[in-house]
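The structure under discussion appears below in the form of structure tokens.
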Amino acid sequence: MPLKIGAGDAGRIHDHAREAYPEECAGALVGIDQGGTKVVVDVWRAENTHEEERSRRFLIEPLKIKEFEERAEEREIGVLGFYHSHPDHPAEPSDYDREHAWPGYSYVIASVSGENVGEMRSWTLRDDRSGYDEEPIVG
Amino acid sequence: MPKVKIPTPLRQYTDGNSEVEVGGATAGEALGNLASEHPSLKQHLYTGDGKLRSFVNVYKGDEDIRYLDGQETEVSDGDELSIIPSIAGGLAGRCR
């Protein structure tokens, strides 16, 4: 299913990736699942609270996820997924990403190197957790 | 009955509901009843041997039940349990 991210929200993900470099950034994608398309209406930053190796690891605290779910519900939208950056690496999910992913969410990965944000791609975990399928990002 | 709040990706298994009332005197009973009433939810909450998956967090109010009495944590009418995903990842070799 395509994921629609407007230029403004895509730009905010790029800014976050650049600011966090050389560490990974992370945040939530919120919006509406319209059946045929998931439409992102906002992106919410989260702090990367992984205790070490934040250049190759990220963690969003469960209480932060709970807060995101509640904020989204108040606005009658949903948490569609999460974004994170891969400093100096391609925008492709790792084995570590897969072990920690949930079916149903979109996982957007932005490749960043210094000030340059390269490609940004979106992935969903298969129901049987065997791997990822890429979903097109549309503007 | 206690209420269980369902995170966005699991609502496809609860007929789109973000909150479900289920019977049960403990968190474990309530989650077990939830899984019985919505069987397709079960594989996403529990491992094959019936343990809660490690990336599934359960909160009673604002407290992780791991720091209360785990699945034995008592719940009563009006209590709110929340199923909260762990969101983590990062680089460690590519995978497709």
Side-chain angles (χ1 to χ4, degrees), chain A residues 24 26-28 30 33 46 48-50 53-70 72-73 77-82 84-90 92-107 109 123-125 127-129 131-134, chain B residues 3-20 27 31 35 38-48 51-68 70 73 79-96:
Chain A
E24 295 197 7
V30 295
D33 185 341
N48 178 359
T49 56
H50 204 280
E53 294 190 293
R54 282 191 297 273
S55 61
R56 51 194 290 272
R57 289 282 185 274
F58 80 93
L59 171 71
I60 305 177
E61 289 294 326
L63 269 180
K64 192 71 189 173
I65 307 290
K66 187 169 185 287
E67 182 197 315
F68 283 156
E69 287 278 353
E70 288 166 357
E73 196 177 342
I77 53 180
V79 178
L80 300 176
F82 296 88
H84 71 281
S85 59
H86 276 181
D88 301 316
H89 281 78
E92 295 177 8
S94 64
D95 282 331
Y96 190 83
D97 285 330
R98 181 167 58 91
E99 285 163 19
H100 292 81
W102 279 57
Y105 279 139
S106 293
Y107 289 90
I109 303 177
W123 307 85
T124 56
L125 185 71
D127 258 340
D128 63 4
R129 311 188 62 82
Y132 283 90
D133 292 312
E134 186 167 8
Chain B
K3 292 175 196 161
V4 184
K5 300 203 75 157
I6 312 293
T8 314
L10 297 185
R11 289 179 197 161
Q12 57 185 305
Y13 310 112
T14 57
D15 308 316
N17 293 313
S18 60
E19 195 174 276
V20 179
L31 292 172
H38 302 279
S40 48
L41 194 58
K42 195 169 182 175
Q43 61 164 327
H44 298 295
L45 297 182
Y46 295 98
T47 58
K51 290 193 179 127
L52 266 185
R53 290 187 179 279
S54 60
F55 48 82
V56 174
N57 304 288
V58 180
Y59 279 71
K60 178 185 171 184
D62 281 339
E63 290 203 77
D64 189 332
I65 64 166
R66 289 190 187 99
Y67 302 110
L68 299 171
T73 302
D79 277 346
E80 198 171 85
L81 292 172
S82 304
I83 298 170
I84 308 290
S86 277
I87 301 296
L91 294 163
R94 274 181 264 163
C95 148
R96 287 285 282 276

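Throughout, protein chains are lettered first and strands after them, A, B, ... in sequence-line order, and every chain is numbered starting at 1.
- Both the backbone and the side chain of A:Phe58 come within less than 4.5 Å of a heavy atom of chain B.
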Criterion side-chain contact (heavy atoms from CB on, under 4.5 Å) on A:Lys66 and B:Lys5, from CA distance to verdict: CA-CA 10 Å; A:Lys66 187 169 185 287; B:Lys5 300 203 75 157; over 6 Å; no
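- Qualifying side chain to side chain contact (heavy atoms under 4.5 Å, CB included) partners for A:Glu67, counting only residues two or more places apart in sequence or in other chains: A:Lys64, A:Arg71.
- For the pair A:Glu73 and B:Ser18, the tightest heavy-atom approach, listed with the atom from each and the gap, is OE2-OG, 3.5 Å.
- Nearest heavy-atom pair, B:Ser86 versus A:Trp102, reported as atom, atom and distance to 0.1 Å: O-NE1, 3.8 Å.
- Residues satisfying the salt bridge (charged side-chain N to carboxylate O under 4.0 Å, His left out) test with A:Glu53, not counting sequence neighbours, are A:Arg56.
- Using modelled atom types, one side-chain atom of A:Glu69 and one backbone atom of B:Thr8 make a donor-acceptor pair closer than 3.5 Å.
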Worked check of side-chain contact (heavy atoms from CB on, under 4.5 Å) between A:Phe68 and B:Ile84: CA-CA 11 Å; A:Phe68 283 156; B:Ile84 308 290; over 6 Å; no
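- Proximity of A:Tyr105 to B:Pro7: side-chain heavy atoms (C-beta onward) are separated by under 4.5 Å at one or more points.
- In terms of heavy-atom pairs under 4.5 Å with chain B, the best-connected choice from A:Gly78, A:Ser55, A:Pro62 is A:Pro62.
- Using non-hydrogen atoms only and a strict 4.5 Å limit, the part of residues 57-65 of chain B facing chain A consists of B:Asn57, B:Tyr59, B:Gly61, B:Asp62.
- With sequence neighbours excluded, no residue satisfies side chain to side chain donor-acceptor pair (under 3.5 Å) with B:Ser82.
- In this structure, B:Gly89 and A:Glu24 approach most closely via the heavy-atom pair O-OE1, 4.3 Å.
- The two residues A:Pro103 and B:Pro9 make their nearest non-hydrogen contact at O-CB, 3.4 Å.
- Smallest separation of non-hydrogen atoms from A:Gly104 and B:Gln12: CA-NE2, 4.3 Å.
- In this structure, CD1 on B:Ile87 lies 4.5 Å from CD1 on A:Ile65, to the nearest 0.5 angstrom.
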